[in-house]
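Structure, as structure tokens:
Just so it is clear, the structure is predicted and the values come from calculations on it, not from any experiment. Note that ligands are numbered from 1 as they come in the structure, with each ligand's atoms numbered from 1 the same way.
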Amino acid sequence: MHLAVLLFTSAVSVGTFALDNGLMRTPPMGWLAWERFRCDIDCEHDPKNCISENLFIDMADRLSEDGWRELGYVYVNIDDCWASMDRDEKGRLQPDPKRFPGGIPKLARYMHDRGLKLGIYGDMGTHTCGGYPGTPLDKIKIDAQTFADWEVDMLKFDGCYSNATEQEQGYPLMSNALNATGRPIGYSCSWPAYQGGLPPKVNYTQLGKICNLWRNYGDIEDSWDSVLNIIDWFFENQDTLIPAAGPGRWNDPDMLIIGDFGLSMDQSRAQMAIWAIMAAPLFMSNDLRTISSGARSILQNKMAISINQDPLGIQGRRIIKEKSGIDVYWRPLSKDDSALVFFSRRNDMPYRYQTSLKKLNYTTGSYKIFDVFTEKTMTLKDSTDFVVSVNPTGVVMWYVSAPAKLSLRQLYKGGKLQGFAYDDDENNIPPVFL
Ligand code: GLA
């Protein structure tokens, strides 16, 4: 009897709380309309940029033809302002027929035919933030089923026009409803952003069980101030946020604005570097049809992407905040590798920052360094002082390989234990670094 009750309760609680979709074991990557294209619905005067199926088709073409998809950028995500003001005769959401004449299934097919995925936007509340029909509690099941019927792959579920109590019910309910459709649909919850992003109002243990990613904080805008403000909030609260993240569950500091109007090249590298350290979802919001080659090469930087996508999925932290305006960020990676970012808040000139790996808590050994943006490599002993030159509002980013492991072959040369030896020659170290 007791066992039966126990089994029943645990089945119910799993059913109620686990988002069992196996998706997003590394942070999702792709493109999201909002920051760059907002709620432009004026297709008559602005046909290239209005929220319409053409925009998403254009972006899908660019992702699949310009080398993005192969790097992992596979989601094409619709944001707000896609819907018609009225539900259909069966109570289902429907897209604006003028701007989406083929309907959402056509777009989904377009993505799937190209190895891409389609994301859509909804809102836990009476209306979306842009004033379109929302998904109040009594519409959650039908909307989840509609998205699944359309073969959508991801849902961003915003939180305008609902209160804390409704959100507390609605976000887990939507998680359940998506699961119940049987279609794996990545689930992005804006819930914490509406509750201040911090405990006790926000329960990150619960979020990790019901959502694949969540917006913790306010909206990004096309400016360095906005990026800096987001970075500061996330790292001031890193001790709360880091444990929340892991494979299948990510903190979302919002879109990449690289390739838009507000960031210099140095600031663009800084956003890419810090988003990689944070294990953040990489959703670009830019115009892939006209993006500059400089912005493209930052977004397509393979080493930065591989740091972001590290399979361990441990979110990195700020380890030093110097009075000089230099911050150092660190992220542990698989195989005992790690990433370092030297970041400058200064506004004067490149700053020569001197430190050593030992001062950055690295253990004894000789490390291989790969500079992510200059592609220079070098070897560095933990105890050796080095200098990095960090541009104003810019970064230097390093991929750091763990010291070579002890080699059993060397250790047991001739069948006898020979003592400690590294695979790499410790003396083979160039004296100058940068
Ligand atoms: C909120 C979200 C944004 C965007 C808009 C759409 O502000 O945080 O990311 O989705 O709504 O109206």
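- Distances from atom 4 (C) of ligand 1 to the heavy atoms of Asp79, Asp80, Asn77, Asp123 put Asp79 nearest.
- In summary, the atoms of ligand 1 found under 4.0 Å from a heavy atom of Lys156, numbered by their order in the structure, are 3 (C), 4 (C), 9 (O), 10 (O).
- Annotation: atom 3 (C) of ligand 1 to nearest protein heavy atom, Asp219 OD2, 3.5 Å.
- Counting non-hydrogen atoms of neighbouring residues, nucleotides and ligands closer than 6.0 angstrom, the CE atom of Met349 reaches no more than 12 such neighbours.
- Remark: Arg38 does not engage Asp79 in a salt bridge, criterion side-chain N to carboxylate O under 4.0 Å.
- In this structure, Phe157 and Tyr187 have tilted ring planes: the angle between them lies in the 30° to 60° band.
- Residue contact check: Gly130 has heavy atoms under 4.0 Å from atoms 12 (O) of ligand 1.
- At least one cation-pi condition fails for Arg345 and Phe343: the charged atom is not both under 6.0 angstrom from the six-membered ring centre and inside a 45 degree cone around its axis.
- Under 4.0 angstrom from ligand 1, there are no non-hydrogen atoms of Asp254.
- Nearest protein neighbour of atom 1 (C) of ligand 1, counting heavy atoms only, is Asp158 OD2, 3.0 Å.
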- Task: Take Tyr367 and Trp398 through the ring pair (Phe, Tyr, Trp, His ring centres under 6.0 Å) test and state the conclusion after the steps.
- Result: CA-CA 11 Å; Tyr367 294 79; Trp398 285 0; over 10 Å; no
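- Atoms of ligand 1 lying under 4.0 Å from any heavy atom of Arg215, numbered from 1 in the order shown and given with element: 8 (O), 9 (O).
- Remark: minimum distance from atom 5 (C) of ligand 1 to any protein heavy atom is reached at Trp34 CE2, 3.7 Å.
- Environment of CD in Glu44: sparse, with no more than 12 heavy atoms of neighbouring residues, nucleotides or ligands closer than 6.0 Å.
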